[in-house]
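In what follows, a structure is listed as C-alpha coordinates, so that the remarks can point back to it.
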Protein chains: 2
Amino acid sequence: MTAILRTSNMKELLKQNIRKHIVLSENETEEFCDLFEQKSIQKKGFLLREGEVCKFEGFVTKGLFRVYHIDQNGFEQILYFAVENWWITDIDSFCNETPSQLYIEALEDSEVLVITKINKEFSYANLPKIEKLFRVMTQKTHVALQRRMIDNLSKTAESRYIEFREKYPHIIQRLSNIQIAAYLGITNVFLSNIRKKIALKK
Amino acid sequence: MTAILRTSNMKELLKQNIRKHIVLSENETEEFCDLFEQKSIQKKGFLLREGEVCKFEGFVTKGLFRVYHIDQNGFEQILYFAVENWWITDIDSFCNETPSQLYIEALEDSEVLVITKINKEFSYANLPKIEKLFRVMTQKTHVALQRRMIDNLSKTAESRYIEFREKYPHIIQRLSNIQIAAYLGITNVFLSNIRKKIALKK
DNA sequence: CGAAAACATTAAACTAGTTTAATAAATTAG
DNA sequence: CTAATTTATTAAACTAGTTTAATGTTTTCG
(Lines give C-alpha, C1' and ligand atoms only; values in the text may rest on other atoms or scores of the structure.)
Protein backbone atom coordinates (compact mmCIF):
# COMPACT_ATOMS: atom_id res chain seq x y z
CA MET A 1 0.00 0.00 0.00
CA THR A 2 2.70 2.45 1.00
CA ALA A 3 4.71 1.49 -2.06
CA ILE A 4 1.78 2.23 -4.35
CA LEU A 5 1.24 5.63 -2.83
CA ARG A 6 4.91 6.44 -3.19
CA THR A 7 4.97 5.39 -6.83
CA SER A 8 2.03 7.63 -7.65
CA ASN A 9 3.77 10.55 -5.93
CA MET A 10 6.74 9.97 -8.18
CA LYS A 11 4.54 9.89 -11.26
CA GLU A 12 3.13 13.22 -10.05
CA LEU A 13 6.66 14.69 -10.22
CA LEU A 14 7.00 13.37 -13.75
CA LYS A 15 3.67 14.86 -14.82
CA GLN A 16 4.65 18.25 -13.43
CA ASN A 17 7.91 18.06 -15.32
CA ILE A 18 6.17 17.29 -18.60
CA ARG A 19 3.80 20.23 -18.09
CA LYS A 20 6.81 22.53 -17.86
CA HIS A 21 7.75 21.65 -21.43
CA ILE A 22 4.52 21.16 -23.37
CA VAL A 23 0.72 21.22 -23.07
CA LEU A 24 -0.85 17.74 -22.85
CA SER A 25 -4.37 16.65 -21.94
CA GLU A 26 -4.83 14.74 -18.67
CA ASN A 27 -5.51 11.56 -20.65
CA GLU A 28 -2.43 11.88 -22.83
CA THR A 29 -0.26 12.58 -19.81
CA GLU A 30 -1.67 9.55 -18.04
CA GLU A 31 -1.19 7.29 -21.05
CA PHE A 32 2.41 8.40 -21.50
CA CYS A 33 3.35 8.22 -17.81
CA ASP A 34 1.94 4.70 -17.53
CA LEU A 35 4.75 3.55 -19.80
CA PHE A 36 7.30 4.32 -17.08
CA GLU A 37 8.47 1.82 -14.54
CA GLN A 38 10.02 2.61 -11.21
CA LYS A 39 13.54 1.51 -10.37
CA SER A 40 15.47 1.84 -7.13
CA ILE A 41 19.23 2.14 -7.27
CA GLN A 42 21.33 2.01 -4.15
CA LYS A 43 24.25 4.32 -3.55
CA LYS A 44 27.23 3.15 -5.65
CA GLY A 45 24.87 1.15 -7.88
CA PHE A 46 24.91 1.56 -11.66
CA LEU A 47 22.08 2.34 -14.03
CA LEU A 48 24.46 1.92 -16.96
CA ARG A 49 28.04 0.74 -17.47
CA GLU A 50 30.51 1.24 -20.28
CA GLY A 51 30.03 -1.31 -23.05
CA GLU A 52 26.30 -1.80 -22.44
CA VAL A 53 23.74 -0.47 -24.91
CA CYS A 54 21.58 2.11 -23.13
CA LYS A 55 18.01 0.91 -23.57
CA PHE A 56 16.21 3.43 -21.37
CA GLU A 57 15.54 7.06 -20.72
CA GLY A 58 15.15 7.90 -17.03
CA PHE A 59 13.56 10.59 -14.90
CA VAL A 60 15.06 10.96 -11.42
CA THR A 61 12.50 11.26 -8.62
CA LYS A 62 14.87 10.85 -5.70
CA GLY A 63 18.62 10.88 -5.12
CA LEU A 64 21.61 11.86 -7.19
CA PHE A 65 23.42 10.37 -10.15
CA ARG A 66 26.62 11.15 -11.98
CA VAL A 67 27.12 10.44 -15.67
CA TYR A 68 30.79 9.98 -16.43
CA HIS A 69 33.42 8.67 -18.78
CA ILE A 70 36.70 6.94 -17.96
CA ASP A 71 39.51 7.88 -20.36
CA GLN A 72 42.56 5.91 -21.55
CA ASN A 73 44.56 7.04 -18.53
CA GLY A 74 41.87 5.93 -16.11
CA PHE A 75 40.68 9.44 -15.26
CA GLU A 76 37.01 10.13 -14.80
CA GLN A 77 35.27 13.02 -16.53
CA ILE A 78 31.79 13.86 -15.34
CA LEU A 79 29.43 14.95 -18.11
CA TYR A 80 26.65 15.91 -15.74
CA PHE A 81 24.90 15.25 -12.48
CA ALA A 82 21.20 14.42 -12.24
CA VAL A 83 19.10 15.07 -9.14
CA GLU A 84 15.33 15.05 -8.63
CA ASN A 85 13.45 16.25 -11.75
CA TRP A 86 16.34 15.67 -14.11
CA TRP A 87 16.40 13.26 -17.01
CA ILE A 88 19.22 10.76 -17.55
CA THR A 89 20.31 8.58 -20.42
CA ASP A 90 23.28 8.13 -22.71
CA ILE A 91 21.67 9.75 -25.71
CA ASP A 92 24.49 8.57 -28.01
CA SER A 93 24.13 4.90 -27.11
CA PHE A 94 20.34 5.10 -26.84
CA CYS A 95 19.79 6.67 -30.28
CA ASN A 96 22.41 4.73 -32.18
CA GLU A 97 22.09 1.47 -30.24
CA THR A 98 25.86 1.33 -29.84
CA PRO A 99 27.84 0.32 -26.74
CA SER A 100 27.97 3.17 -24.28
CA GLN A 101 31.18 4.94 -23.34
CA LEU A 102 29.56 6.15 -20.15
CA TYR A 103 28.78 5.05 -16.63
CA ILE A 104 25.65 6.22 -14.81
CA GLU A 105 26.15 5.73 -11.10
CA ALA A 106 24.01 6.62 -8.08
CA LEU A 107 25.87 8.79 -5.56
CA GLU A 108 22.97 8.42 -3.11
CA ASP A 109 20.16 5.89 -2.74
CA SER A 110 17.98 6.89 -5.67
CA GLU A 111 14.71 6.32 -7.49
CA VAL A 112 14.17 6.64 -11.22
CA LEU A 113 11.20 6.27 -13.52
CA VAL A 114 12.42 4.61 -16.69
CA ILE A 115 10.87 4.18 -20.11
CA THR A 116 12.22 1.65 -22.58
CA LYS A 117 13.21 2.52 -26.10
CA ILE A 118 10.32 0.46 -27.45
CA ASN A 119 7.76 2.33 -25.36
CA LYS A 120 9.29 5.63 -26.32
CA GLU A 121 9.03 4.78 -30.01
CA PHE A 122 5.46 3.67 -29.38
CA SER A 123 4.69 7.11 -27.86
CA TYR A 124 6.21 8.90 -30.82
CA ALA A 125 3.89 6.98 -33.10
CA ASN A 126 0.72 7.25 -30.99
CA LEU A 127 1.04 10.59 -29.22
CA PRO A 128 2.41 13.15 -31.66
CA LYS A 129 2.98 15.67 -28.88
CA ILE A 130 5.57 13.38 -27.31
CA GLU A 131 7.69 14.05 -30.35
CA LYS A 132 7.47 17.73 -29.44
CA LEU A 133 8.23 17.00 -25.79
CA PHE A 134 11.52 15.33 -26.60
CA ARG A 135 12.39 17.85 -29.30
CA VAL A 136 11.98 20.65 -26.76
CA MET A 137 13.84 18.79 -24.02
CA THR A 138 16.73 17.86 -26.30
CA GLN A 139 16.97 21.48 -27.42
CA LYS A 140 17.21 22.67 -23.83
CA THR A 141 19.82 20.07 -22.96
CA HIS A 142 21.78 21.06 -26.02
CA VAL A 143 21.65 24.75 -25.13
CA ALA A 144 22.97 23.95 -21.65
CA LEU A 145 25.83 21.87 -23.06
CA GLN A 146 26.68 24.56 -25.61
CA ARG A 147 26.93 27.13 -22.81
CA ARG A 148 29.14 24.79 -20.81
CA MET A 149 31.37 24.20 -23.84
CA ILE A 150 31.91 27.95 -24.23
CA ASP A 151 32.64 28.29 -20.51
CA ASN A 152 35.15 25.46 -20.59
CA LEU A 153 36.92 27.00 -23.56
CA SER A 154 36.99 30.55 -22.23
CA LYS A 155 37.08 30.56 -18.44
CA THR A 156 39.61 29.57 -15.79
CA ALA A 157 38.92 26.67 -13.45
CA GLU A 158 38.44 29.17 -10.61
CA SER A 159 35.60 31.04 -12.27
CA ARG A 160 34.03 27.80 -13.48
CA TYR A 161 34.03 26.62 -9.87
CA ILE A 162 32.53 29.86 -8.57
CA GLU A 163 29.83 29.83 -11.23
CA PHE A 164 28.99 26.18 -10.61
CA ARG A 165 28.57 26.98 -6.92
CA GLU A 166 26.27 29.90 -7.71
CA LYS A 167 24.22 27.99 -10.26
CA TYR A 168 23.73 24.72 -8.35
CA PRO A 169 24.17 25.48 -4.63
CA HIS A 170 21.76 22.69 -3.67
CA ILE A 171 23.61 20.11 -5.77
CA ILE A 172 27.15 21.10 -4.83
CA GLN A 173 26.53 20.55 -1.14
CA ARG A 174 25.70 16.92 -1.88
CA LEU A 175 28.97 16.33 -3.79
CA SER A 176 32.50 15.54 -2.67
CA ASN A 177 35.28 17.74 -4.00
CA ILE A 178 36.49 14.79 -6.04
CA GLN A 179 33.20 14.78 -7.96
CA ILE A 180 33.19 18.55 -8.38
CA ALA A 181 36.75 18.50 -9.72
CA ALA A 182 35.89 15.73 -12.19
CA TYR A 183 33.01 17.86 -13.44
CA LEU A 184 35.13 21.01 -13.76
CA GLY A 185 37.84 19.11 -15.61
CA ILE A 186 40.59 19.62 -13.02
CA THR A 187 42.29 17.53 -10.32
CA ASN A 188 40.96 17.54 -6.79
CA VAL A 189 44.37 18.83 -5.64
CA PHE A 190 43.96 21.92 -7.78
CA LEU A 191 40.37 22.38 -6.64
CA SER A 192 41.68 22.37 -3.08
CA ASN A 193 44.10 25.19 -4.01
CA ILE A 194 41.27 27.17 -5.57
CA ARG A 195 39.10 26.74 -2.49
CA LYS A 196 41.91 27.91 -0.24
CA LYS A 197 42.55 30.95 -2.43
CA ILE A 198 38.86 31.89 -2.38
CA ALA A 199 38.67 31.42 1.40
CA LEU A 200 41.68 33.72 1.93
CA LYS A 201 40.11 36.47 -0.19
CA LYS A 202 37.13 36.82 2.14
CA MET B 1 17.17 32.12 -65.48
CA THR B 2 20.55 30.98 -64.29
CA ALA B 3 19.70 32.21 -60.81
CA ILE B 4 16.49 30.16 -60.77
CA LEU B 5 18.27 27.02 -61.84
CA ARG B 6 20.89 27.56 -59.19
CA THR B 7 18.29 28.05 -56.49
CA SER B 8 16.53 24.84 -57.38
CA ASN B 9 19.84 22.96 -57.26
CA MET B 10 20.34 24.24 -53.75
CA LYS B 11 16.87 23.14 -52.73
CA GLU B 12 17.81 19.71 -54.09
CA LEU B 13 20.70 19.57 -51.62
CA LEU B 14 18.28 20.46 -48.84
CA LYS B 15 15.82 17.76 -49.87
CA GLN B 16 18.56 15.15 -49.90
CA ASN B 17 19.62 16.23 -46.45
CA ILE B 18 16.09 15.90 -45.07
CA ARG B 19 15.79 12.42 -46.56
CA LYS B 20 18.86 11.38 -44.58
CA HIS B 21 17.01 12.06 -41.34
CA ILE B 22 13.35 11.12 -41.89
CA VAL B 23 10.90 9.77 -44.46
CA LEU B 24 8.69 12.45 -46.04
CA SER B 25 6.39 12.35 -49.05
CA GLU B 26 7.42 14.36 -52.12
CA ASN B 27 4.59 16.81 -51.39
CA GLU B 28 5.52 17.32 -47.79
CA THR B 29 9.16 17.83 -48.71
CA GLU B 30 8.19 20.37 -51.34
CA GLU B 31 5.88 22.24 -49.00
CA PHE B 32 8.52 22.44 -46.29
CA CYS B 33 11.39 23.42 -48.58
CA ASP B 34 9.32 26.21 -50.12
CA LEU B 35 9.47 27.98 -46.77
CA PHE B 36 13.23 28.52 -47.21
CA GLU B 37 14.73 31.59 -48.78
CA GLN B 38 18.17 31.83 -50.30
CA LYS B 39 20.77 34.20 -48.92
CA SER B 40 24.23 35.01 -50.21
CA ILE B 41 26.89 36.06 -47.73
CA GLN B 42 30.25 37.33 -48.89
CA LYS B 43 33.49 36.29 -47.27
CA LYS B 44 33.87 38.14 -43.93
CA GLY B 45 30.12 38.88 -43.93
CA PHE B 46 27.96 38.01 -40.91
CA LEU B 47 24.78 35.98 -40.71
CA LEU B 48 24.48 36.83 -37.02
CA ARG B 49 26.27 39.13 -34.58
CA GLU B 50 26.45 39.17 -30.80
CA GLY B 51 23.49 41.01 -29.27
CA GLU B 52 21.09 40.22 -32.12
CA VAL B 53 18.24 37.77 -31.62
CA CYS B 54 18.73 34.83 -34.00
CA LYS B 55 15.53 34.64 -36.03
CA PHE B 56 16.51 31.94 -38.50
CA GLU B 57 17.73 28.42 -38.96
CA GLY B 58 20.03 27.99 -41.96
CA PHE B 59 21.20 25.22 -44.26
CA VAL B 60 24.54 25.85 -45.98
CA THR B 61 24.58 25.01 -49.69
CA LYS B 62 27.90 26.63 -50.53
CA GLY B 63 30.88 28.00 -48.69
CA LEU B 64 32.06 27.89 -45.11
CA PHE B 65 30.97 29.54 -41.87
CA ARG B 66 32.37 29.70 -38.39
CA VAL B 67 30.18 30.05 -35.30
CA TYR B 68 32.12 31.69 -32.49
CA HIS B 69 32.04 33.53 -29.22
CA ILE B 70 34.24 36.39 -28.04
CA ASP B 71 35.05 36.19 -24.32
CA GLN B 72 35.75 38.94 -21.77
CA ASN B 73 39.44 39.00 -22.72
CA GLY B 74 38.67 39.41 -26.40
CA PHE B 75 39.60 35.86 -27.35
CA GLU B 76 37.55 33.96 -29.91
CA GLN B 77 36.28 30.43 -29.25
CA ILE B 78 34.87 28.58 -32.22
CA LEU B 79 31.89 26.38 -31.40
CA TYR B 80 31.74 24.81 -34.82
CA PHE B 81 32.30 25.23 -38.53
CA ALA B 82 29.57 24.71 -41.11
CA VAL B 83 30.22 23.77 -44.73
CA GLU B 84 27.90 22.52 -47.45
CA ASN B 85 25.07 20.33 -46.06
CA TRP B 86 25.44 21.58 -42.50
CA TRP B 87 22.83 23.47 -40.52
CA ILE B 88 23.60 26.71 -38.67
CA THR B 89 21.80 28.74 -36.05
CA ASP B 90 22.31 29.91 -32.52
CA ILE B 91 19.89 27.46 -30.97
CA ASP B 92 20.04 29.24 -27.60
CA SER B 93 19.05 32.64 -28.99
CA PHE B 94 16.63 31.13 -31.51
CA CYS B 95 14.66 29.06 -28.99
CA ASN B 96 14.63 31.54 -26.13
CA GLU B 97 14.46 34.68 -28.28
CA THR B 98 17.29 36.19 -26.26
CA PRO B 99 20.24 38.24 -27.57
CA SER B 100 22.89 35.97 -29.03
CA GLN B 101 26.34 35.58 -27.53
CA LEU B 102 27.61 34.31 -30.86
CA TYR B 103 28.84 35.50 -34.22
CA ILE B 104 28.19 33.54 -37.41
CA GLU B 105 30.66 34.66 -40.05
CA ALA B 106 31.34 33.49 -43.60
CA LEU B 107 34.96 32.47 -44.12
CA GLU B 108 34.31 32.08 -47.86
CA ASP B 109 31.69 33.49 -50.23
CA SER B 110 28.69 31.41 -49.17
CA GLU B 111 25.06 30.56 -49.84
CA VAL B 112 22.50 29.57 -47.22
CA LEU B 113 18.85 28.55 -47.33
CA VAL B 114 17.15 30.12 -44.31
CA ILE B 115 13.81 29.51 -42.67
CA THR B 116 12.34 32.02 -40.26
CA LYS B 117 11.17 31.11 -36.79
CA ILE B 118 7.57 31.82 -37.82
CA ASN B 119 7.73 29.47 -40.77
CA LYS B 120 9.39 26.82 -38.65
CA GLU B 121 6.61 27.04 -36.07
CA PHE B 122 4.11 26.87 -38.92
CA SER B 123 5.71 23.62 -40.12
CA TYR B 124 5.60 22.11 -36.66
CA ALA B 125 1.87 22.78 -36.56
CA ASN B 126 1.05 21.67 -40.14
CA LEU B 127 3.55 18.92 -40.86
CA PRO B 128 3.93 16.73 -37.79
CA LYS B 129 6.92 14.94 -39.27
CA ILE B 130 8.89 18.19 -39.17
CA GLU B 131 8.74 17.93 -35.43
CA LYS B 132 10.45 14.57 -35.81
CA LEU B 133 12.99 15.98 -38.26
CA PHE B 134 14.22 18.58 -35.81
CA ARG B 135 14.06 16.22 -32.85
CA VAL B 136 16.31 13.81 -34.72
CA MET B 137 18.65 16.55 -35.95
CA THR B 138 18.96 18.14 -32.51
CA GLN B 139 19.71 14.72 -31.04
CA LYS B 140 22.50 14.16 -33.53
CA THR B 141 23.98 17.60 -32.92
CA HIS B 142 23.80 16.98 -29.22
CA VAL B 143 25.56 13.63 -29.52
CA ALA B 144 28.36 15.29 -31.49
CA LEU B 145 28.77 18.04 -28.92
CA GLN B 146 28.74 15.53 -26.07
CA ARG B 147 31.55 13.59 -27.73
CA ARG B 148 33.51 16.79 -28.23
CA MET B 149 32.99 17.75 -24.59
CA ILE B 150 34.45 14.42 -23.46
CA ASP B 151 37.39 14.84 -25.85
CA ASN B 152 38.10 18.33 -24.59
CA LEU B 153 38.06 17.15 -21.00
CA SER B 154 40.17 14.05 -21.52
CA LYS B 155 42.58 14.57 -24.41
CA THR B 156 45.65 16.72 -25.03
CA ALA B 157 45.59 19.46 -27.63
CA GLU B 158 47.89 17.35 -29.81
CA SER B 159 45.52 14.40 -30.04
CA ARG B 160 42.52 16.69 -30.50
CA TYR B 161 44.34 18.25 -33.45
CA ILE B 162 45.25 14.89 -34.96
CA GLU B 163 41.69 13.62 -34.57
CA PHE B 164 40.19 16.79 -36.04
CA ARG B 165 42.46 16.38 -39.06
CA GLU B 166 41.39 12.76 -39.48
CA LYS B 167 37.69 13.47 -39.02
CA TYR B 168 37.39 16.56 -41.23
CA PRO B 169 40.26 16.50 -43.75
CA HIS B 170 38.19 18.37 -46.35
CA ILE B 171 37.26 21.13 -43.89
CA ILE B 172 40.67 21.59 -42.32
CA GLN B 173 42.33 22.35 -45.62
CA ARG B 174 40.01 25.33 -46.03
CA LEU B 175 40.92 26.78 -42.62
CA SER B 176 43.81 28.90 -41.40
CA ASN B 177 45.70 27.65 -38.37
CA ILE B 178 44.26 30.56 -36.42
CA GLN B 179 40.75 29.18 -36.96
CA ILE B 180 41.81 25.62 -36.16
CA ALA B 181 43.46 26.75 -32.92
CA ALA B 182 40.35 28.72 -31.89
CA TYR B 183 38.31 25.54 -32.43
CA LEU B 184 40.71 23.33 -30.47
CA GLY B 185 40.80 25.81 -27.61
CA ILE B 186 44.52 26.62 -27.84
CA THR B 187 46.65 29.51 -29.14
CA ASN B 188 47.91 29.51 -32.70
CA VAL B 189 51.46 29.66 -31.31
CA PHE B 190 50.94 26.38 -29.50
CA LEU B 191 49.30 24.85 -32.57
CA SER B 192 52.42 25.78 -34.50
CA ASN B 193 54.53 23.90 -31.94
CA ILE B 194 52.28 20.87 -32.21
CA ARG B 195 52.53 20.89 -36.01
CA LYS B 196 56.30 21.09 -35.83
CA LYS B 197 56.47 18.24 -33.34
CA ILE B 198 54.24 16.06 -35.55
CA ALA B 199 56.28 16.90 -38.65
CA LEU B 200 59.53 15.92 -36.91
CA LYS B 201 58.10 12.54 -35.86
CA LYS B 202 57.60 11.43 -39.45
C1' DC C 1 32.72 0.77 18.61
C1' DG C 2 36.98 0.33 15.94
C1' DA C 3 39.43 -0.64 11.60
C1' DA C 4 39.53 0.34 7.01
C1' DA C 5 38.52 3.13 3.35
C1' DA C 6 37.55 7.41 1.32
C1' DC C 7 38.32 12.33 1.45
C1' DA C 8 40.60 17.03 1.90
C1' DT C 9 44.66 19.60 2.38
C1' DT C 10 49.44 21.00 1.72
C1' DA C 11 53.97 21.14 -0.39
C1' DA C 12 57.19 20.82 -4.08
C1' DA C 13 58.68 19.50 -8.51
C1' DC C 14 56.93 19.38 -13.02
C1' DT C 15 54.52 20.11 -17.79
C1' DA C 16 51.05 21.58 -21.11
C1' DG C 17 49.87 25.50 -22.86
C1' DT C 18 50.23 31.02 -22.82
C1' DT C 19 52.29 35.44 -23.63
C1' DT C 20 54.98 38.65 -25.93
C1' DA C 21 57.75 39.84 -29.43
C1' DA C 22 60.38 39.42 -33.58
C1' DT C 23 60.78 37.70 -38.39
C1' DA C 24 59.55 35.63 -42.66
C1' DA C 25 56.00 34.20 -45.87
C1' DA C 26 51.64 34.48 -48.04
C1' DT C 27 47.29 36.99 -49.25
C1' DT C 28 44.66 40.85 -50.26
C1' DA C 29 43.32 45.13 -52.14
C1' DG C 30 44.02 49.38 -54.30
C1' DC D 1 52.39 45.31 -59.33
C1' DT D 2 53.23 46.94 -54.89
C1' DA D 3 52.04 48.22 -50.23
C1' DA D 4 49.51 46.80 -46.49
C1' DT D 5 47.54 43.24 -43.94
C1' DT D 6 47.11 38.75 -42.40
C1' DT D 7 49.30 34.43 -41.41
C1' DA D 8 52.86 31.03 -39.77
C1' DT D 9 56.95 30.16 -37.27
C1' DT D 10 60.36 30.47 -33.60
C1' DA D 11 62.25 31.64 -29.14
C1' DA D 12 62.12 32.61 -24.32
C1' DA D 13 59.93 33.77 -20.13
C1' DC D 14 55.89 32.65 -17.77
C1' DT D 15 51.50 30.49 -15.48
C1' DA D 16 47.55 27.48 -14.85
C1' DG D 17 47.00 23.20 -13.73
C1' DT D 18 49.25 18.23 -12.83
C1' DT D 19 51.74 14.76 -10.33
C1' DT D 20 53.33 12.46 -6.45
C1' DA D 21 53.51 11.88 -1.88
C1' DA D 22 52.70 12.75 2.92
C1' DT D 23 49.38 13.95 6.75
C1' DG D 24 45.26 14.56 9.09
C1' DT D 25 40.14 14.15 8.91
C1' DT D 26 35.83 12.13 7.96
C1' DT D 27 32.89 8.45 6.62
C1' DT D 28 31.63 3.74 6.17
C1' DC D 29 30.54 -0.62 7.61
C1' DG D 30 31.23 -5.19 9.85
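Note on naming: letters A, B, ... go to the chains in the order of the sequence lines (proteins, then strands), and numbering restarts at 1 for each one.
- Applying the salt bridge (Lys or Arg N to Asp or Glu O under 4.0 Å) rule to A:Lys140 yields no partners; only residues at least two apart in sequence or on another chain are considered.
- Under a 3.5 Å cut-off, the side chain of A:Ser110 and the backbone N or O of A:Glu108 do form a donor-acceptor pair.
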Could I get a table of every N or O pair under 3.5 Å where one atom is in the protein and the other is in nucleotides 28-30 of chain C?
{"unit_1": "C:dT28", "atom_1": "OP1", "unit_2": "B:Lys43", "atom_2": "NZ", "d": "3.1"}

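- Direction of the helix axis in the helix from C:dC1-D:dG30 to C:dG30-D:dC1 shifts by 60° between the two five-pair termini, rounded to 10°.
- The salt bridge (charged side-chain N to carboxylate O under 4.0 Å, His left out) pairs that include a residue from residues 177-190 of chain A number zero, where partners must be two or more places apart or lie in different chains.
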Extract all donor-acceptor atom pairs below 3.5 Å that involve side chains of residues 43-54 of chain A and protein atoms in other chains or at least two apart in sequence.
{"unit_1": "A:Glu50", "atom_1": "OE1", "unit_2": "A:Tyr103", "atom_2": "OH", "d": "3.2"}
{"unit_1": "A:Glu52", "atom_1": "OE1", "unit_2": "A:Arg49", "atom_2": "N", "d": "3.2"}

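- In this structure A:Phe36 satisfies the ring pair (Phe, Tyr, Trp, His ring centres under 6.0 Å) test together with A:Phe32, sequence neighbours excluded.
- Under the salt bridge (Lys or Arg N to Asp or Glu O under 4.0 Å) criterion, B:Arg147 pairs with A:Asp92, not counting sequence neighbours.
- With contacts defined as side-chain heavy-atom distances shorter than 4.5 Å, the pair B:Thr61/B:Trp86 does not qualify.
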A:Tyr80 vs A:Arg148, side-chain hydrogen bond (donor to acceptor under 3.5 Å, both in side chains): CA-CA, chis, key distance, verdict: CA-CA 11 Å; A:Tyr80 60 96; A:Arg148 186 166 166 222; over 6 Å; no
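- Crowding of B:Glu37 atom CD: a count of heavy atoms from other residues, nucleotides or ligands under 6.0 Å not exceeding 12.
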Measure all distances between protein nitrogen or oxygen atoms and nitrogen or oxygen atoms of nucleotides 13-20 of chain C, and list the pairs falling under 3.5 Å.
{"unit_1": "C:dG17", "atom_1": "OP1", "unit_2": "B:Ala157", "atom_2": "N", "d": "3.4"}
{"unit_1": "C:dT18", "atom_1": "OP2", "unit_2": "B:Thr187", "atom_2": "N", "d": "3.0"}
{"unit_1": "C:dT18", "atom_1": "OP2", "unit_2": "B:Thr187", "atom_2": "OG1", "d": "3.1"}

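- Between C:dT9 and A:Arg195, a contact under 4.0 Å exists linking OP1 or OP2 to a side-chain N or O.
- Residues passing the salt bridge (Lys or Arg N to Asp or Glu O under 4.0 Å) test with B:Glu97 are B:Lys117, sequence neighbours excluded.
- Partners of A:Phe164 under the ring pair (Phe, Tyr, Trp, His ring centres under 6.0 Å) rule, at least two apart in sequence or in another chain, are A:Tyr168, A:Tyr183.
- A heavy-atom distance below 4.0 Å to DNA chain D is reached by none of the residues of residues 166-182 of chain A.
- Every side chain to side chain donor-acceptor pair (under 3.5 Å) that B:Glu84 has, sequence neighbours left out, goes to B:Arg174.
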